[in-house]
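Some notes on the structure that comes next.
Being a predicted model, the structure only gives us computed values, none of them experimental. Atoms within a ligand are numbered from 1 in the order they appear, just like the ligands themselves.
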Amino acid sequence: TPDFSGEDGYNLWLNYRPLNARQQQHYLSQLGTVYIADKSATTSVIKDELKRATKGLLGQKLSAVSSAQSAKLVLALNNNQLTTPLGIEQKSLGDEGYAIKQHKGQIWLVANSDVGLLYATFDLIRQIQTLADLSKINKVSVPKVKLRMLNHWDDLDRHTERGYAGQSIFDWHKLPDYQEQRYYDYARANASIGVNGIVPNNVNANALILTPAYLQKVKALADIFRPYGIKVYLSVKFSSPHLIGGLENSDPVKPEVQQWWHDKAAEIYQLIPDFGGFLVKANSEGQPGPGDFGRTHAQGANMLARALKPFGGNVLWRAFVYAHDAKAERSLQAYNEFVPLDGKFDDNVSVQVKNGPIDFQPREPFSPLFGAMPHSSLAMEFQITQEYLGFSTHLAYLGTLYKEALDADTHTQGAGSTVAKVVDGSLSDSPLTAMAGVANIGMDRNWTGHIFGQANWYVFGRLAWDHDLSAADIADEWINMTLTHDKNAIDQIKDMMMNSREDVVNYMTPLGLHHLMDTGHHYGPGPWVDNLGRADWNPTYYHRADKQGLGIDRTASGTNAISQYAPYWQQKLANPATTPTELLLWFHHLSWDYTMPSGKSLWYELVHHYNMGVAGVEKMQQQWQRVKNQIDPNQFHQVEMALGIQLKEAKWWRDACLAYFQTFSQRPIPEGFPKPVHDVDYYKSLQFPYAPGQG
Ligand SMILES: CO[C@H]1[C@H](O)[C@@H](O)[C@H](O)O[C@@H]1C(=O)O
């Protein structure tokens with residue numbers, strides 16, 4: 001019988017539910033005694049975690065023995081002569097990689113650093129949690145990307161921009177002296193998936209973070225996170241020299257401005273010798289930047305990079321820019337601004353690019369910047385928090401979204417030039433590789449609001465470590481570790497997860513539609529919104545519905561956004577017949593009667609897709625009911641309630657969008673599909689209640 005421990009989700013995938021007696025016996029016979037050669041703060045973390053995991057999973061902790069010979073499980077640094085029998089090439093493991101090998105009846109965990117051993121430990125624990133066979137284990141694992149970071153959009157007053165799981169976990173008021181247990185548990189969770197950098201404050205930055213009182217608080221966090229292999233970075237406001245330094249302005253070419261940043265860097269490194277660096281949102285959505293002084297992004301980024309360089313710090317400079325007065329259609333703007341700067345960034349700068357050219361929509365094509373800046377380091381920025389995918393009430397597993405973006409083939413250097421290869425540096429030898437995820441974490445008891453939101457945190461870390469893993473395999477791991485070992489239940493839940501994001505795409509923005517959400521909160525549908533302060537905030541700017549048809553023409557006859565892609569894609573995307581169906585209306589304005597690959601009309605397929613989305617949620621509900629007996633009742637009920645909301649809101653999206661588009665198409669809802677319950681004015685008049693995490 002399954003063990004229901006009243007798990008409230010706080011312990012995430014590290015809840016270490018007991019295995020059955022047979023399994024416990026089995027693993028204890030393989031791992032009963034342990035020897036750890038190294039002694040450091042990280043080693044203590046390793047010992048604690050092993051203790052916790054084996055007590056929970058196996059019912060008892062391993063007994064420590066005083067020599068490697070007498071141990072079943074041996075953890076050793078590669079520079080130690082103990083490891084010679086394994087013949088593991090030291091270089092191949094790098095700073096963070098590790099090996100796990102069965103050797104003459106022992107299991108060896110080997111790495112070049114104690115943090116590598118910590119990662120190995122978490123891997124070993126995961127093997128047990130997923131009931132893997134250790135008898136012939138022989139694996140080497142090395143991260144493909146160097147900086148694997150969470151970006152918190154958390155304000156200093158604990159409001160979280162686009163966060164739907166409660167207040168920020170970072171309690172700036174009580175820091176530095178009050179150190180929450182939560183910080184340690186957060187660090188454990190991150191280390192367990194290989195996250196090695198965190199930015200605790202919002203990219204819409206508050207300059208106060210760089211004042212001495214706040215730096216003491218940052219130091220306290222850095223000290224807590226260090227043994228877990230996690231470095232702290234900060235989002236900084238470009239105008240800080242002016243705002244808190246008393247300088248006349250923050251023009252990056254001015255010697256006194258440069259000096260201010262040098263001094264600030266020195267002050268930070270005095271407190272935090274392994275400080276990670278700065279994350280910057282500049283000249284974007286009202287944030288200050290080098291553009292305020294007629295300087296380029298490269299000038300701004302390099303000035304900060306040079307201040308950090310003597311201490312080993314890095315700059316993550318965001319490419320999410322679109323200007324108020326720019327004439328170009330919004331999806332073109334980041335490329336227009338950044339591609340001319342290729343090769344001009346210092347080697348400790350990475351340009352951090354959102355996966356798509358607009359803004360974390362349920363589906364976007366890959367950003368054309370990937371592959372277009374071969375002489376610069378490009379970091380991937382994913383959103384883990386579901387700003388546009390139903391906040392923390394809708395179940396949307398993002399593993400499939402991340403994989404779609406990473407596996408996309410840019411064709412910039414021939415077939416096989418995937419986005420992943422740009423990001424991991426294998427295509428162009430970038431000196432600084434990075435992947436960032438905008439965190440979905442808050443003070444909710446289960447951290448992420450929706451229990452399945454935990455899977456999105458998990459899959460982000462796993463893919464940042466190794467983008468070759470599959471979304472399905474990671475889902476499988478997560479379910480085993482978090483929810484159940486029951487084979488049938490795992491299959492049902494995995495199926496729910498693997499289809500969930502496509503369901504959301506279908507009931508919100510099918511066939512390449514995007515940016516249809518209502519203004520401000522970004523939650524429900526608002527395709528009719530056309531009166532905002534700037535044109536490119538209006539959904540009408542993106543869907544261009546009219547009597548003739550639907551979609552935005554981004555071919556040469558329209559905004560020509562396709563010109564930013566490699567010739568291979570330009571050719572395909574120029575023609576609706578060779579454009580991937582799921583991106584059709586992203587690139588084309590097509591008549592309501594346009595014949596789709598199915599032989600049906602665009603209008604028919606639009607209605608069909610919206611209904612598929614709703615049907616997908618109904619299916620998830622049925623699947624969830626089937627696993628009831630295998631899931632902790634508390635968690636079961638939470639997800640059940642959330643799916644109920646998701647179904648209501650999937651219908652809301654479908655009906656509101658179809659009622660609205662029907663005013664243009666002037667065509668009946670095809671036979672067999674339900675008609676929107678109300679007319680469009682009703683949906684327009686709905687007042688959406690206050691949403692958390694608003695901008
Ligand atoms: C932090 O600001 C956010 C803003 O809230 C959000 O609506 C949009 O997705 O992107 C911005 C960004 O990525 O900078």
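- By the criterion of a heavy-atom distance under 4.0 Å, the side chain of V203, and not its backbone, is placed next to ligand 1.
- Ring centers of W569 and F587: at least 6.0 Å apart, outside the cut-off.
- Proximity of Q383 to ligand 1 is not established, as no heavy-atom distance is less than 4.0 Å.
- At a heavy-atom distance under 4.0 Å, only side-chain atoms of E387, from C-beta outward, approach ligand 1.
- Residue contact check for ligand 1: K354 places a non-hydrogen atom closer than 4.0 Å to it.
- Judged purely by atom type and a 3.5 angstrom limit, S350 uses its side chain to pair as donor or acceptor with the backbone of A379.
- When heavy-atom distances to ligand 1 are checked against a 4.0 Å cut-off, Y388 comes that close only through its side chain, counted from C-beta outward.
- Interface atoms of ligand 1 facing E161, defined by a heavy-atom separation under 4.0 Å, are 1 (C), 2 (O), 3 (C), 4 (C), 5 (O).
- With R544 contributing its side chain and Y541 its backbone, the two residues share a donor-acceptor pair below 3.5 Å.
- Atom CZ of R534 is surrounded by more than 12 heavy atoms from other residues, nucleotides or ligands within 6.0 Å.
- Residue N204 approaches ligand 1 through these ligand atoms, each under 4.0 Å from one of its heavy atoms: 1 (C), 2 (O).
- Atoms of ligand 1 lying under 4.0 Å from any heavy atom of F320, numbered from 1 in the order shown and given with element: 10 (O), 11 (C), 12 (C), 13 (O), 14 (O).
- Contact check on E404 versus R501 returns a salt bridge, with a Lys/Arg side-chain nitrogen under 4.0 Å from an Asp/Glu carboxylate oxygen.
- Within 6.0 Å of the CH2 atom in W537, the count of heavy atoms belonging to other residues, nucleotides or ligands does not exceed 12.
- Of the candidates Q361, H515, H522, Y388 forms a side chain to side chain donor-acceptor pair (under 3.5 Å) with just one, namely H522.
- Which parts of ligand 1 touch H522 is read off a 4.0 Å heavy-atom cut-off, strictly below it: atoms 7 (O).
- Checked by distance only, ligand 1 and D359 come closer than 3.5 Å through their nitrogen or oxygen atoms.
- Note: F391 and Y164 have parallel aromatic rings, judged against thresholds of 30 and 60 degrees for the angle between ring planes.
- Those atoms of ligand 1 that come under 4.0 Å of a heavy atom in R162, given as number and element, are 4 (C), 5 (O), 6 (C), 7 (O).
- Below 3.5 Å of separation, one finds no N or O of E381 facing any N or O of ligand 1.
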